[in-house]
Each structure stands twice: as structure tokens, then as C-alpha cells.
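Position 1 is the first residue of the sequence; numbering continues from there.
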Amino acid sequence: MLGKIVEFNTIIDKIVKIEQQCDINAVLYKDIKVWPLIRLFISTQLCHPDIEVIKSSGDAIPSVPDNIFIKSRRILSRAKKSLKNYYHLYYHSKELNKIANNNIDLLFFSSNGNGNYTNIFGKFYNIYLDSMIDFVNNRYELLKVEISSENVASSLPRYIDTIFLDSSHFNKMKRDELARNYPDNIINFIELKKVVEEITNSKVILNERFIVNIAQLVEEHQLFYIELLSRLSPKVIFVICYYTPIIMALIRAANQLGIKTVDIQHGCIGPYHGLYSQWTKIPVEGYDLVPDFFWVWGEQSKENILRGQPDGCRHHQPVVGGNLWLAKYQQKAGYPESPEVREFFDSLKKYRKVILFTLQPLAEPIPAHVLEAMRRSPQDWLWLIRAHPLYKNELTKIEILLHQNNIENYETKLSSDLPLYLLFRGVDHHITCGSSCGFEAITFDIPNTIVDHNYAVDQADYILTGLFSCCLNADDLLATIGNSDKQEKIEEDTPYIETDYGKANQALEFIISSQVARA
């Protein structure tokens, strides 16, 4: 589990102060404006102060005397590298031959590491990317591609056909080639480092070598993506969770080739999200590591992304397209249930209250007051504990924790494995420390309670309007759950999540027809 999260609003305040006090767009590695990368690591480090996010990567290799023996070793080393490059080139060509040199309209870039795959009758479905593919299928030429990784096997076979590519041979070949031209420094880094340390009280200490290595990783993968995209020539690329160096490399490659990029919303985008909100110094030409568009669930997410952007900004714009996975269930187009699932839902009927707790990846996944409430709750209440998708392997630890607290009326396995929207069918109340599942529960008319102070700050508006409750002690939580019933209809003035296919069509047409202005 990750470390304890500190208050989001104080984090974004520090990031904005850094942007205001330093010319962050003059911080360059070669021609890359690296502020989006640095912002990523600053935000993560401030969110998780007990984890070393920004690591030391060692010093530069010292120079050695240039004698005959050293020269001989260099010649031999170059010869070996040349042979290795032939090997890597062969396998790289073999990988690219999986893709025909055909133009496509839409490219969907999948990542196995973001926890968005759910098992549907033995096949794994990416709830955000694949639902978009289902939505556009038969209207456009499209392709779904994923870079192979060591954990791909955990989500096979796939529901939607996916082409897996191994970029490692190309990357190894280019690493040696590019290394001779890699500078060891970042322009204007010292000034930024000083400002960051002053504003964060030295809670964030930037390491230049670490950032250089990450920037080099971006450039290395970018070259692979340029070759890949040149074969396919898509009009638009869709990704999920853009803020990883590997996907930022894809976005940069797309920018160089004039291909539009879209990040599909995969969770709550609050007003204090360090990678979506309060980008106050976006340059005129935009950042080439950040997507052109954000496909968002609703107007509030759109407003949160626009918050703090410079007046007249033409880049990194949110477009309301809705949650297409949720729309499938709203339109009764979800997937049929197995006998095991029907039996599970039948078993829930014997309980007076069924409470779903969607966990977050925190050092303390179940707060002490929630454990106390579970321990004191009536025996005819059942607690469904749903692990965060990235941390299903932590379920054993969760069960040990529950056992240590003498809690018996709970279920974890099916609660973590079933599609969330199917699970909602049997739920009377939903609680969370900070999951976007709260907004999704609203669409199923399920009462929601926040049990973490930091998330309560982030969603203060929803608490004030009564759409969410907030309980920070066991007595309040037991009383709130006991006194609430599943409602006939929970009304929002403006839905946090849109499920209208008409709006989705408008968003898609807008993105495809838009001309992205790149200065």
C-alpha cells in the first residue's frame, strides 16, 4: 500500500507557488520542457511524504586516462554493441511487422498497469478504453495496441483484440546510440530546485540526475513511438492515465507527427488534483508531454481542469463525453450474470444492510473508526470490502486485519472481482476514503459516506449539498448507515457523470474535427 495522503489543497497551493515564482517553462532537457515530469514527481512526493519518490540515481561516470589499453577496450566494446544492434534491429523489425502499414482513424493505447481491467466470463475488459472502442466500433478504422510488460499475463485473454508489441529491443539499441548525445544537465534546474525546496520546506529535494534519467527514458521511447505511429498515421490516439513517462513519450511523438491525443478520465478529478488542475503557466504552444484533450465525465471535472489555466489557453482542453462504461449499464447493455453471481446476490437478501467499502491504496486502507464501526455493527449487516484494482494482492492482509479486530460479517473476494456497477445492484450504502466510486454510486441512487478528512475537503460541495455524508467517528458512521435507505432517486443539479450517448457523439466529433494549434 502507498503512504498516507496529505491534504490535496495544500499540495496544489505549493505547486502553484512554484509555478508563480520560477520560470518553469525555461527548465529544459535538450528541447523538452520537463516541468510536467517534474510536477508529477513533486505532486507524488508531497502526497506520499513517507516514501522516497524522487530517488538518487548515482553520479556521472568519472573520466579515465585515454591510453592504448583503454582505446582497445573501446574498439572491442563498440564491435560487441554493433553485433547486439543487429540482433535488436532484427527483433524490432519482427515486432513492427505485426502492424500493417495501413492508415487508421483511431488508435487506442492500452496499459496493463492501471488496474482498469475487469474479468467478464474469463476475458479481461478495460472498462474505460474498451467501452470507448465498443462505442466507436464499426464507424471508424481502429486498432488497440499495448506495450508488453511482465504482468500482461495477469489480464489475458483480452475481451477486445489487442496487438502486443515488445519495444525493449529497439530501446536497448537506441539507448547506446543516444547515450553519446545525452547531456548530463537540465537548463535552469538549479533555480527551480532552490524554489521547490523553499516552498516545500525541503520536503521535496529534486535530484537532477534522476530527472535527467527520466527525460532520457521519454526520448528513448518517443523514437519507438514515432516509428510506430508513422506506420499507422492515426488521426487521434486515446490513452488512460497520461501521467507516466512512457505515455508522455507517446504523446510527445504524436505531437511531432501532428496526431491528436486524448486522455480518458478514469477516476475523480477534483479541484486539487496535481496532474489535472491548476496548470497556471501553460506555454503558448502547450506542453508536448500533456494530451491535447481530456475526455471527462461531466461539467465539474471540466471546470476543475480549466481552473487556473491562463486566459485564452488553446491546449489541454477538457471535453465532456461521459463515462461510457457506466452508460452501458444505464442502457441495460451490461454483461449477463453467471450462476455464481446470481447465487451471491441471492445470499445478500438475508442481510438488513449491505455496505460496500471501496478501498484506496493507503497505508491505513481501513481507518480505525471504520474498523470500530464494523466491529460494533449488527450481525444482520454485511460489509463488502472491495480492494483497489491495483492492490487485489493485498486482500489477505486486509482479511488478517479484519480478523485481528474480531470482525466476521464481511466479504472480500467477489466484492473485489465483480464489475463495480453489477455489484452496486445489491448494495444499500457506500463508503469510501477517497474513491470516485462515490459519484458512480449516486447514479445507482445509493447513499454515500466519506470516511476520510482529506477527501472531505476535496468534495466539500457535495457534502454541503447533502449528496455525500461525512463521518469521522464510529458513532456517526453507524448512525448514518442505520438511518439511511436506498433512495428512489438521488438528484444532482448537474450530473457529475454523464451517460448520454448523444453528448459522447458530440465530444467525439468535436475532437476528430478540431485543429490543434501548435505554435
Side-chain angles (χ1 to χ4, degrees), residues 83-114 116-117 120 122-178 217-242 244-264 291:
L83 290 173
K84 284 182 180 179
N85 282 347
Y86 281 120
Y87 167 83
H88 293 317
L89 182 60
Y90 168 75
Y91 280 99
H92 169 58
S93 300
K94 189 176 179 181
E95 287 297 308
L96 285 184
N97 285 338
K98 295 178 182 178
I99 294 178
N101 287 300
N102 292 326
N103 291 353
I104 61 170
D105 298 311
L106 310 178
L107 177 65
F108 295 85
F109 187 82
S110 171
S111 172
N112 188 58
N114 53 32
N116 291 322
Y117 277 96
I120 299 177
K123 291 187 177 183
F124 287 86
Y125 187 97
N126 188 308
I127 58 178
Y128 301 122
L129 205 65
D130 291 353
S131 59
M132 177 72 79
I133 292 173
D134 283 342
F135 173 65
V136 302
N137 209 3
N138 300 321
R139 291 190 284 164
Y140 298 94
E141 291 294 325
L142 57 87
L143 196 67
K144 183 183 176 188
V145 171
E146 182 171 320
I147 302 301
S148 297
S149 62
E150 58 185 17
N151 58 351
V152 162
S154 65
S155 60
L156 293 177
R158 294 291 173 78
Y159 202 94
I160 300 287
D161 288 340
T162 305
I163 295 178
F164 294 94
L165 295 176
D166 182 357
S167 64
S168 61
H169 298 290
F170 178 88
N171 294 338
K172 288 174 184 176
M173 179 175 63
K174 288 298 178 183
R175 196 169 300 142
D176 293 335
E177 182 182 317
L178 292 169
L217 182 70
V218 168
E219 190 171 28
E220 180 183 298
H221 282 79
Q222 172 195 338
L223 294 174
F224 173 81
Y225 293 134
I226 285 175
E227 191 166 347
L228 171 68
L229 298 177
S230 296
R231 286 184 169 228
L232 297 173
S233 300
K235 296 181 178 68
V236 185
I237 302 172
F238 291 90
V239 302
I240 298 176
C241 194
Y242 82 91
T244 69
I246 305 305
I247 297 185
M248 284 180 168
L250 173 70
I251 292 167
R252 189 164 196 263
N255 281 338
Q256 290 197 357
L257 296 173
I259 300 167
K260 289 173 281 194
T261 52
V262 184
D263 175 86
I264 302 173

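No side-chain heavy atom of Val262 sits under 4.5 Å from any side-chain heavy atom of Ile237. Residues Thr162 and Phe164 have side chains in contact (heavy-atom distance under 4.5 Å, counting atoms from C-beta outward). With contacts defined as side-chain heavy-atom distances shorter than 4.5 Å, the pair Phe108/Val145 does not qualify. Looking at Asn255 and Leu257, their side chains never come closer than 4.5 Å, going by heavy atoms from C-beta outward. Contact check for His221 versus Leu217: side-chain heavy atoms found under the 4.5 Å cut-off.
Side chain of Asn116 to backbone of Asn126: no donor-acceptor contact under 3.5 angstrom is found. For Asp130 (side chain) and Ile133 (main-chain N/O), no donor-acceptor pair under 3.5 Å exists by modelled atom type. A donor-acceptor contact shorter than 3.5 Å is absent between the side chain of Lys144 and the backbone of Asp161. Formation of a donor-acceptor pair under 3.5 Å by the Thr261 side chain with backbone atoms of Ile259 is not found in this model.
For Lys123, the NZ atom sits in a loose shell: 12 or fewer heavy atoms of surrounding residues, nucleotides or ligands are nearer than 6.0 Å.
If you check the side chains of Tyr125 and Arg158, you find no donor sitting under 3.5 Å from an acceptor. For the residue pair Ser230/Tyr225, the side-chain donor-acceptor check at 3.5 Å is not satisfied.
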- Item | Pair Leu142-Val136, side chain to side chain contact (heavy atoms under 4.5 Å, CB included): steps then yes or no | CA-CA 9 Å; Leu142 57 87; Val136 302; 3.6 Å; yes
- Message: The test is side chain to side chain contact (heavy atoms under 4.5 Å, CB included); show your working for Phe109 and Ile147 and say whether it passes.
- Response: CA-CA 8 Å; Phe109 187 82; Ile147 302 301; 3.7 Å; yes
- Message: Please evaluate residues Leu107 and Leu232 with respect to the criterion side chain to side chain contact (heavy atoms under 4.5 Å, CB included), reporting the C-alpha separation (whole Å), side-chain torsions for both, the decisive distance (0.1 Å), and the verdict.
- Response: CA-CA 8 Å; Leu107 177 65; Leu232 297 173; 4.1 Å; yes
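Heavy atoms only, all atoms of each residue included: Leu229 and Pro234 are closest at O-CD, 3.9 Å.
A salt bridge is absent between Asp105 and Arg139; no separation between the charged side-chain nitrogens and carboxylate oxygens falls under 4.0 Å.
Taken from CD1 in Ile99 to CG in Leu143, the straight-line distance is 6.0 Å, to the nearest 0.5 Å. If you take CD1 on Ile226 and CZ on Arg252, they are separated by 8.0 Å, rounding to the nearest 0.5 Å.
Every ring-ring contact (aromatic ring centres under 6.0 Å, His included) that Phe224 has, sequence neighbours left out, goes to His92, Phe170.
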